[in-house]
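First the structure, in the form of structure tokens, and then the observations on it.
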Amino acid sequence: MAMMTREAIREFFRRLHEANPHPQTELEYDSPYQLLVAVVLSAQATDRSVNIATRKLFAAAPTPEAMVTLGEEGIAEHIKTIGLFRNKARNTLALSRLLLERHGGEVPANREALEALPGVGRKTANVVLNTVFRQPVMAVDTHIFRVGNRTGLAPGKDVLEVEKRLMRRVPKDYLLDAHHWLILHGRYVCTARSPKCGICSVRDLCLSRDKTD
DNA sequence: ATCCCGAGGG
DNA sequence: CCCTCTGGAT
């Protein structure tokens with residue numbers, strides 16, 4: 001499969017870094033707990049719609065204690081505008097209970113404990129480890145899977161393969177921020193349907209530049 | 001492999 | 001109408 005050279009990869013991230021020195025998530029939150037819930041809610045949903053829902057949800061229940069009091073139906077009422085809302089309401093409640101029972105209401109800082117929470121898989125755990133605890137891990141979501149494959153940055157048949165390739169090939173000094181750079185690039189430039197190659201700053205490095213399929 | 005599932009874009 | 005959106009559990 002077609003793959004970028006290491007020199008092209010370094011230049012790719014050098015340009016994204018230059019354009020955006022301190023990339024951040026666009027999800028809104030005021031605590032590690034709120035980020036965790038927001039990421040759980042973000043599955044197959046735009047962060048825009050997640051933020052609209054979490055403004056209401058976190059106003060009513062900013063902590064795991066308050067979330068348990070709010071209850072599944074109360075949670076569902078606030079997040080009805082997000083897809084998969086019944087599963088997400090159930091997981092948010094169960095996850096909050098588990099945090100209180102096992103972790104004193106705090107978000108654990110290791111993968112095993114995070115993935116043991118209902119509704120939290122590898123991708124969500126990696127987002128929390130990277131965004132809250134500043135660990136150099138790659139959470140491969142729909143955007144990063146697409147950008148990795150399309151550009152030749154990190155091709156792979158599934159998300160785990162793309163993640164491993166990114167961990168091996170992204171320069172260490174870029175690894176901490178690479179997650180957010182790739183998300184933002186996928187969201188605003190390298191879009192799923194009609195990639196905006198005309199405004200792309202890394203077009204000359206891309207192995208699929210100007211292709212329409 | 002299938003289910004969950006609303007909103008926005010084209 | 002169809003596709004996509006920071007997936008996870010069964």
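Every chain is numbered from 1, with letters handed out A, B, ... down the list of sequences. As the structure is a computational prediction, the values presented were derived from the model and not from experiment.
Side-chain proximity of A:Ala192 to C:dG7, C:dT6, C:dT4: nearest is C:dT4. When distances are taken from the side chain of A:Val127 to each of C:dT6, B:dG6, C:dG7, the shortest belongs to C:dT6. Comparing C:dT6, B:dA7, C:dC5 by their closest approach to the side chain of A:Asp141 singles out C:dT6.
No side-chain donor-acceptor contact under 3.5 Å links A:His17 and A:Arg14.
B:dC5 and C:dC2 have their C1' atoms separated by 15 Å, with the value rounded to a whole Å. When the C1' atom is compared between B:dA7 and C:dA9, the two are found 24 Å apart, to the nearest whole Å. The C1' atoms of C:dT4 and B:dC4 are separated by 16 Å, rounded to the nearest whole Å. For the P atoms, the distance linking C:dG8 with B:dG8 amounts to 24 Å, nearest Å. Nucleotides B:dG10 and C:dT6 have their P atoms positioned 14 Å apart, rounded to a whole Å.
At a threshold of 4.0 angstrom between heavy atoms, the contacts of A:Leu117 are confined to the sugar-phosphate backbone, with no base atom among them. Base engagement by A:Arg187 is indicated by at least one non-hydrogen atom pair under 4.0 Å involving a base atom. Backbone-only contact: A:Ile82 has heavy atoms under 4.0 Å from sugar-phosphate atoms and none from a base. Across all strands shown, A:Ala139 has no heavy atoms under 4.0 Å from either base or sugar-phosphate atoms. Contacts of A:Arg90 with the nucleic acid, taken as non-hydrogen atoms under 4.0 Å apart, are absent. Among the protein residues, A:Val120 comes within range of the sugar-phosphate backbone only, with heavy atoms under 4.0 Å from sugar or phosphate atoms but none that close to a base. Among the atoms of the strands shown, none is found under 4.0 Å from any heavy atom of A:Val39. Using a 4.0 Å heavy-atom cutoff across all strands shown, A:Lys88 reaches no nucleic acid atom at all. Within the nucleic acid shown, A:Thr124 comes within 4.0 Å of sugar-phosphate atoms alone, with no base atom in reach, counting heavy atoms only.
Ion pairing between A:Arg187 and A:Asp141 fails under the 4.0 Å rule for side-chain N and carboxylate O.
The interatomic distance linking A:Asn91 (CG) with B:dC5 (C1') rounds to 14 Å, in whole Å. In this entry the distance linking CG of A:Asp47 with P of B:dG6 reads 20 Å, nearest Å. To the nearest angstrom, P of C:dC5 lies 14 Å from CD of A:Glu26. Distance, A:Tyr188 OH to C:dT4 C1': 15 Å, rounded to whole Å. Between the CG atom of A:Leu35 and the C1' atom of C:dT6 there is a distance of 11 Å, rounded to whole Å. Straight-line distance from the CG atom of A:Asn51 to the C1' atom of B:dG6: 16 Å, rounded to whole Å. Residue A:Leu160 contributes atom CG, which lies 12 Å from atom P of C:dG8 at whole-angstrom precision. Straight-line distance from the CD1 atom of A:Ile144 to the P atom of C:dT4: 18 Å, rounded to whole Å.
For the pair A:Ile82 and A:Ser49, the tightest heavy-atom approach, listed with the atom from each and the gap, is CG1-O, 4.1 Å.
Looking at heavy atoms from C-beta onward, A:His180 lies out of side-chain contact with A:Asn20 at the 4.5 angstrom threshold.
OP1 or OP2 of C:dT6 has not a single side-chain nitrogen or oxygen of A:His179 nearer than 4.0 Å. Between A:Arg193 and the phosphate of C:dC2, there is no side-chain N or O to OP1/OP2 separation shorter than 4.0 Å. A sub-4.0 Å separation between OP1 or OP2 of C:dG7 and a side-chain N or O of A:Arg122 is absent.
Remark: A:Arg48 CZ is loosely packed, at most 12 non-hydrogen atoms of other residues, nucleotides or ligands lying under 6.0 Å away.
When each of A:Ser194 and A:Gly83 is assigned the nucleotide of DNA chain B bearing its nearest heavy atom, the one mapping closer to the 5' terminus is A:Gly83. Each of A:Ser49 and A:Gly119 was assigned the nucleotide of DNA chain C with the nearest heavy atom; the assignment lying further toward the 5' end belongs to A:Ser49.
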A:Lys164/A:Asp158 under salt bridge (Lys or Arg N to Asp or Glu O under 4.0 Å): CA gap, chis, key distance, verdict: CA-CA 10 Å; A:Lys164 287 177 178 171; A:Asp158 55 46; over 6 Å; no
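For A:Thr142 against C:dT4, no side-chain N or O and base N or O form a donor-acceptor pair under 3.5 Å.
Ring orientation note: the planes of A:Tyr174 and A:Trp181 are nearly perpendicular, at an angle over 60° on the 30°/60° scale.
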